[in-house]
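Just below is one structure, and these are the notes that go with it.
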Amino acid sequence: MIKGLYETHLFVEDLERSIEFYSKTLGLKQCRYGAERRTAFFWIGEDKQFMLGLWEKPKENIDIRHFAFECEPEWILNESVEFLKSRNLKCWNFLDNEKEKPMVFCWMPAISIYFSDPDGHELEFIGILPGTPKSDEEKRVVTYEQWLKIKDE
């Protein structure tokens with residue numbers, strides 16, 4: 001499942017709600033809680049490998065961010081949507097075409113699906129795919145089935 005992100009920090013409105021989301025909903029391991037500074041930190045992947053920091057701030061100080069969790073492509077393709085739905089999370093693809101189906105960024109290539117945390121930060125599961133990266137002149141976002149047809153061209 002989630003296997004990588006070096007480090008990022010988010011401002012959140014309700015620290016306990018966000019701790020619940022990142023630990024219980026996504027399954028990240030909490031490694032630190034700072035009651036005085038209203039912070040929480042989580043390991044992503046192996047302990048001490050990647051970290052997410054949460055800092056409680058007033059709503060007006062929260063700027064919405066985006067980051068992606070590195071995952072196995074097969075997991076994204078076959079399990080990610082059900083994983084998110086089973087946790088009552090709405091998911092969408094990059095085209096935001098109301099299809100709950102991962103899409104492929106041809107220039108990387110990578111498969112991806114999006115969802116949000118309780119504060120509205122846009123999160124993503126992304127996995128690098130085998131195949132030849134495509135130029136910017138070619139179609140940039142396609143279904144996985146379309147990718148399979150063009151991946152080795």
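These figures come from a predicted structure and were not determined experimentally. All values below were derived from every heavy atom in this structure, side-chain atoms included, with hydrogens, water molecules and symmetry-related copies excluded.
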Give a yes or no on whether the backbone of [Y] and the side-chain of [X] come within a donor-acceptor separation of less than 3.5 Å.
{"X": "Asp119", "Y": "His121", "value": "no"}
{"X": "Thr25", "Y": "Tyr22", "value": "no"}
{"X": "Lys85", "Y": "Glu100", "value": "no"}
{"X": "Asn93", "Y": "Lys99", "value": "yes"}
{"X": "Arg32", "Y": "Phe41", "value": "no"}

Which distance, rounded to the nearest 0.5 Å, do you find between the [atom1] of [X] and the [atom2] of [Y]?
{"X": "Arg140", "Y": "Phe105", "atom1": "CZ", "atom2": "CZ", "result": "10.0 Å"}
{"X": "Asp117", "Y": "Leu52", "atom1": "CG", "atom2": "CG", "result": "9.0 Å"}
{"X": "Cys31", "Y": "Ile44", "atom1": "SG", "atom2": "CD1", "result": "9.5 Å"}
{"X": "Lys151", "Y": "Gln146", "atom1": "NZ", "atom2": "CD", "result": "15.5 Å"}
{"X": "Thr143", "Y": "Leu148", "atom1": "OG1", "atom2": "CG", "result": "8.0 Å"}
{"X": "Glu124", "Y": "Trp92", "atom1": "CD", "atom2": "CH2", "result": "10.0 Å"}

Do Gln30 and Ser23 get their side chains close enough for a donor-acceptor pair, meaning under 3.5 Å?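 Gln30 vs Ser23: no donor-acceptor pair found between side chains.
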For [X] versus [Y], what's the shortest heavy-atom pair and its separation?
{"X": "His66", "Y": "Tyr114", "result": "CE1-CE2, 3.5 Å"}
{"X": "Asp152", "Y": "Gly131", "result": "OD1-CA, 4.3 Å"}
{"X": "Ile64", "Y": "Glu122", "result": "CG2-N, 4.4 Å"}
{"X": "Val104", "Y": "Tyr144", "result": "CG2-CA, 3.9 Å"}
{"X": "Trp43", "Y": "Gln49", "result": "CE3-N, 4.4 Å"}
{"X": "Leu129", "Y": "Pro73", "result": "CD2-CB, 3.6 Å"}

Between the side chains of Glu46 and Lys29, is the shortest nitrogen-to-carboxylate-oxygen separation below 4.0 Å, so that they form an ion pair?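 Here Lys29 does not pair with Glu46 in a salt bridge, since their nearest N and O are not under 4.0 Å apart.
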Kindly determine whether Glu16 and Arg38 satisfy side-chain contact (heavy atoms from CB on, under 4.5 Å), including the steps that lead there. CA-CA 9 Å; Glu16 282 69 28; Arg38 301 293 297 151; 2.7 Å; yes
Looking at side-chain heavy atoms only, is the closest gap between [X] and [Y] below 4.5 Å?
{"X": "Glu72", "Y": "Glu79", "result": "no"}
{"X": "Phe42", "Y": "Leu54", "result": "yes"}
{"X": "Cys106", "Y": "Ile150", "result": "yes"}
{"X": "Val81", "Y": "Pro102", "result": "yes"}
{"X": "Ile111", "Y": "Trp147", "result": "no"}

In terms of relative ring orientation, are Trp75 and Phe83 parallel, tilted or perpendicular, with 30° and 60° separating the classes?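 Geometry flag for Phe83 against Trp75: perpendicular rings.
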Can you label the angle between the His9 ring and the Trp55 ring as parallel, tilted or perpendicular, going by 30° and 60°?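 Correct class here is tilted.
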Assess the residue pair Leu15 and Tyr33 against the criterion (side-chain contact (heavy atoms from CB on, under 4.5 Å)); give the C-alpha distance rounded to whole Å, side-chain angles, the decisive distance to 0.1 Å, and a yes or no. CA-CA 10 Å; Leu15 187 61; Tyr33 176 80; 3.7 Å; yes
Would Phe69 and Ile126 count as a side-chain contact (heavy atoms from CB on, under 4.5 Å) if you check the C-alpha gap in whole Å, the side-chain angles of each, and the deciding distance to 0.1 Å? CA-CA 6 Å; Phe69 293 105; Ile126 193 166; over 6 Å; no
Can a cation-pi geometry be assigned to Arg17 and Phe21, taking NZ or CZ under 6.0 Å from the six-membered ring centre and within 45° of the ring axis? no
